[in-house]
Amino acid sequence: MDLLTPSFGLIIWTLLAFLIVFFILKKYAWKPILNSLDAREKNIASSLETAERIKQEMAEMKNENEALLAKAREERAQLLKEARETRDKIVNEAKEQAKADASRIVAEAQQAIQQQKMAAITEVKNQVSILVIEVAEKVLRRELGNKGEQEKYIKQLSSETILKEEEAVSY
């Protein structure tokens with residue numbers, strides 16, 4: 001029961017011990033403890049401030065990254081569009097070139113066919129004229145076998161030629 005009702009001397013000695021410890025702590029330990037608490041508080045505050053600044057920088061970087069990503073997407077879309085246009089242009093040029101080449105080849109073939117046709121016609125005409133000359137020569141040799149008939153035929157031809165010339169001159 002003495003603990004519940006302490007004596008006056010015990011209170012004084014306890015108070016005196018408390019004050020001595022208090023002053024010793026105040027003189028030697030209180031300032032370092034408060035300094036370390038202040039340093040810790042400042043460290044925590046600067047850490048929070050740094051974290052907030054890093055958070056803002058991360059948000060800015062995220063926005064920049066999104067902007068760069070959007071720009072990259074836009075550039076990719078533009079490049080794809082240009083590539084498609086270039087491809088279409090090349091395909092169209094190739095088609096036009098193929099059509100032009102086909103037209104040129106057809107024209108050259110038609111020209112070659114026409115030339116061959118003309119050569120064949122000329123050849124046929126030459127052969128026909130040779131045959132006609134040969135036949136005419138044979139007919140004339142047969143009909144003009146004697147000299148009297150030849151002279152008579154020559155006179156007839158010359159008179160026909162003179163008549164034709166007179167008719168041509170009269171017009």
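Everything numeric here is computed off the predicted structure, so don't read it as measured data.
The existence of a salt bridge linking R104 and E108 is confirmed by a sub-4.0 Å separation between a basic side-chain nitrogen and an acidic carboxylate oxygen.
Note: K55 NZ to L48 CG = 11.5 Å, rounded to the nearest 0.5 Å. Rounding to the nearest 0.5 Å gives a distance of 13.5 Å between CG of L69 and CD of E64. If you take CG on L68 and CG on N63, they are separated by 11.0 Å, rounding to the nearest 0.5 Å. Rounding to the nearest 0.5 Å gives a distance of 10.5 Å between CD of Q116 and CD of Q114. Rounding to the nearest 0.5 Å gives a distance of 6.5 Å between CD1 of I33 and OG of S36. Separating the NZ atom in K117 from the CD1 atom in I113 is a distance of 10.0 Å, to the nearest 0.5 Å.
Side-chain atoms of Q78 and E82 include a donor-acceptor pair closer than 3.5 Å. A side-chain donor-acceptor contact under 3.5 Å links Q127 and E123. A side-chain donor-acceptor contact under 3.5 Å links D101 and Q97.
Counted within 6.0 Å of CD on E74, heavy atoms from surrounding residues, nucleotides or ligands total 12 or fewer; the atom is thus considered open. No more than 12 heavy-atom neighbours from other residues, nucleotides or ligands sit within 6.0 angstrom of CZ on R76. Crowding of E85 atom CD: a count of heavy atoms from other residues, nucleotides or ligands under 6.0 Å exceeding 12.
Proximity of a side-chain donor or acceptor of N35 to a complementary backbone N or O of K31 within less than 3.5 Å is detected.
A continuous path of hydrophobic side-chain contacts links L16 to I24 [ILVMFWY only; heavy atoms under 4.5 Å]. Taken together through direct or relayed side-chain contacts under 4.5 Å among Ile, Leu, Val, Met, Phe, Trp and Tyr, I20 and W13 form part of one hydrophobic cluster.
Two residues are said to be in side-chain contact when any heavy atoms from C-beta on lie closer than 4.5 Å; L19 and F23 meet this criterion.
Residues passing the side-chain contact (heavy atoms from CB on, under 4.5 Å) test with R40, sequence neighbours excluded: I44.
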Checklist line | Step-by-step side chain to side chain contact (heavy atoms under 4.5 Å, CB included) determination, E49 to R53 | finding: CA-CA 6 Å; E49 187 178 300; R53 184 173 36 86; 5.7 Å; no
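Among all heavy-atom pairs drawn from P32 and A29, the shortest one is CD-O, 3.3 Å.
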